[in-house]
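Report on one structure; see the data block that follows.
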There are 2 protein chains.
Amino acid sequence: MAARSYGQYCGITTAIELVTERWALLIVRDLLVGPRRYTDLKQGLPKIPTNILSARLKELQEGGVIRRVPLARCGLVYELTDYGRELEPIVLSLGRWGFRSMGEPREGDAVTADSLTMALRTAFRPDLASSSLDFQIQVGPVELRARIAGGELTVVQIAPPAPPVGGSLPTGEPELRFATGPDIRHLISGKLTPSEAVEQGVVTILKGNPKLLDRFAELFRIEA
Amino acid sequence: MAARSYGQYCGITTAIELVTERWALLIVRDLLVGPRRYTDLKQGLPKIPTNILSARLKELQEGGVIRRVPLARCGLVYELTDYGRELEPIVLSLGRWGFRSMGEPREGDAVTADSLTMALRTAFRPDLASSSLDFQIQVGPVELRARIAGGELTVVQIAPPAPPVGGSLPTGEPELRFATGPDIRHLISGKLTPSEAVEQGVVTILKGNPKLLDRFAELFRIEA
DNA sequence: CCGGATCCGAATCGATACTG
DNA sequence: CAGTATCGATTCGGATCCGG
């Protein structure tokens, strides 16, 4: 089952053959968050047929993008190789580019823990992250704890329960907790100010000073 | 013919739906070189079926990535929108990433003027381009004139004849002219030195001081 | 020649069922 | 948990055809 060739000898074409088959880059997206078991991937990609998931995992391994790692206790996980992890800036750039074409969510569109994690990463502005922020964001059933410190963003999945190999839960309480939905994109794009977002019900502050949402809006932004 | 949805509401997914369908990103690659007519694209992508080319052009227009522009005299060209042109760094990064997975060319693999142009762009190191270089590279039937000046790379297609909207042919003669083939990747990767490349017949100097190939090898490099 | 549209067989994908 | 197997639906590929 060699990937269908485009008949060109070129690095761009090679990359396209390796990672742009249907579903492949979404598998990479989820693995950029952390190692995942077959079942984790299946749940994070609810609409992927299992045979396609199998096929892509096999192809990505053959391409040296991911690796199959038996777990200490039991089971196994898939994880990116160093080579695969080099796709991170590309996937994040694609996310920023695609952000501007997101319309309303279509019927049945889901937000998963991994997609939201990567969405935060795409919108994060390390250059502006001189001060710190510790918050918890909730979108539907997904809850993430995110902390910015030392110019770096760390995201930990609170709900649904993270895979066993996930990061450890932070101690203590976040400064800010809020619930939101798809319309948060208008805060990220700058079309809404934080106070407008709260007034219009796009964001609901669950805990903490609403002023902290200003800091969030500074730190997570994608502009045209 | 709405693109098949991945059922996720996320910028990365949106981008993937917009540009990773089969052939779409290769069309973008060629349009990054310049506006192209339907027939130019067809020739630059010899293995694309015409119905797929039509379909992709339509979808990319609907996605706001490309635009259909009637030509002054006659005919029409497709060109990237500003939004589409923002894919350039992403496509170039993908090319650098994929470069390291290029093996030997497979039977029937072609090198087109546009693919070679973009390959030069992916390998070009603007940070090292303080001095200038004016050279002509030949790979099979493809000949390009490339000039580095002011830290910028300009590539003009000499053969096969460029589309009418292409850049103007440079006046004067290049300092260096050489012919090469797929194995030039070993010069780009640093696995071969310029003198080794010449000795082993990977590069054939057609004109100019062979020392100028050192400069080429400095300016065009992709390392692991 | 340009810019496609149409037709049809081949390959891939999607949904579901099933298994070690 | 980690996949195969099966089979209909969809897309792709290759060729031909068509109007300007």
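Chain letters run A, B, ... following the sequence lines, proteins first and then strands; every chain starts at 1.
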Sequence neighbours left out, what passes salt bridge (Lys or Arg N to Asp or Glu O under 4.0 Å) with B:D134? Give chain and number order. B:R145
Between C:dA15 atom P and A:L45 atom CG, what is the distance in whole Å? 13 Å
What pairs with A:R67 under salt bridge (Lys or Arg N to Asp or Glu O under 4.0 Å), at least two apart in sequence or on another chain? A:E79
Do the side-chain N or O atoms of A:R22 get closer than 4.0 angstrom to the phosphate oxygens (OP1, OP2) of D:dT10? no
C:dG14 P sits how many Å from B:Y6 OH, rounded? 8 Å
Residue list, salt bridge (Lys or Arg N to Asp or Glu O under 4.0 Å) with B:R121, at least two apart or on another chain: B:E88
Between NZ of B:K47 and P of C:dA11 the distance, given in whole Å, is 13 Å
Between A:W23 (CH2) and C:dT12 (C1'), how many Å, whole number? 15 Å
Residue set satisfying side-chain contact (heavy atoms from CB on, under 4.5 Å) with A:Q43, at least two apart, ordered chain then number -> A:T39
How many whole angstroms separate atom CG of B:L53 from atom P of D:dC12? 13 Å
With sequence neighbours excluded, what pairs up with A:F124 under the ring pair (Phe, Tyr, Trp, His ring centres under 6.0 Å) test? A:F220
For B:E104, enumerate each residue passing the salt bridge (Lys or Arg N to Asp or Glu O under 4.0 Å) test, keeping only those at least two apart in sequence or located in another chain. B:R185
N or O in side chain of A:R4 less than 4.0 angstrom from D:dG13 OP1/OP2: yes
Among residues 7-15 of chain A, which contact DNA chain C at a heavy-atom distance under 4.0 Å? none
Can you tell me the distance, in whole Å, between the CZ atom of B:R56 and the C1' atom of D:dG13? 12 Å
Scan for ring pair (Phe, Tyr, Trp, His ring centres under 6.0 Å) pairs involving residues 56-115 of chain A, sequence neighbours excluded, and state none if there are none. A:Y83-B:W97, A:W97-B:Y83
From CG of A:L60 over to C1' of D:dG3, roughly how many Å is that when rounded to an integer? 16 Å
Inter- and intrachain pairs under ring pair (Phe, Tyr, Trp, His ring centres under 6.0 Å), touching residues 42-71 of chain A, at least two apart: none
At less than 3.5 Å, do the side-chain atoms of A:N51 and the base atoms of D:dG3 form a donor-acceptor pair? no
Could you pull out the protein-nucleic contacts involving nucleotides 2-4 of chain C (nitrogen or oxygen on both sides, under 3.5 Å)?
from: C:dG3; atom 1: OP1; to: B:L76; atom 2: N; distance (Å): 3.1
from: C:dG3; atom 1: OP1; to: B:L76; atom 2: O; distance (Å): 3.2
from: C:dG3; atom 1: OP2; to: B:T39; atom 2: OG1; distance (Å): 3.1
from: C:dG4; atom 1: OP1; to: B:R68; atom 2: NH2; distance (Å): 2.6
from: C:dG4; atom 1: OP2; to: B:R68; atom 2: NH2; distance (Å): 3.2
from: C:dG4; atom 1: OP2; to: B:Y78; atom 2: OH; distance (Å): 2.3

Output the rounded distance in Å from CD1 (B:I52) to C1' (C:dT6). 13 Å
Axis-to-axis angle between the two ends of the helix from C:dC1-D:dG20 to C:dG20-D:dC1 (five base pairs per end, rounded to 10 degrees): 30°
So, using side-chain contact (heavy atoms from CB on, under 4.5 Å) as the criterion, who are the partners of B:E107 when residues are at least two apart? none
Just by distance, do the side chain of A:Y38 and the backbone of A:T50 share a donor-acceptor pair under 3.5 Å? yes
Can you check whether B:R4 reaches A:R22 side chain to side chain, under 4.5 Å on heavy atoms? yes
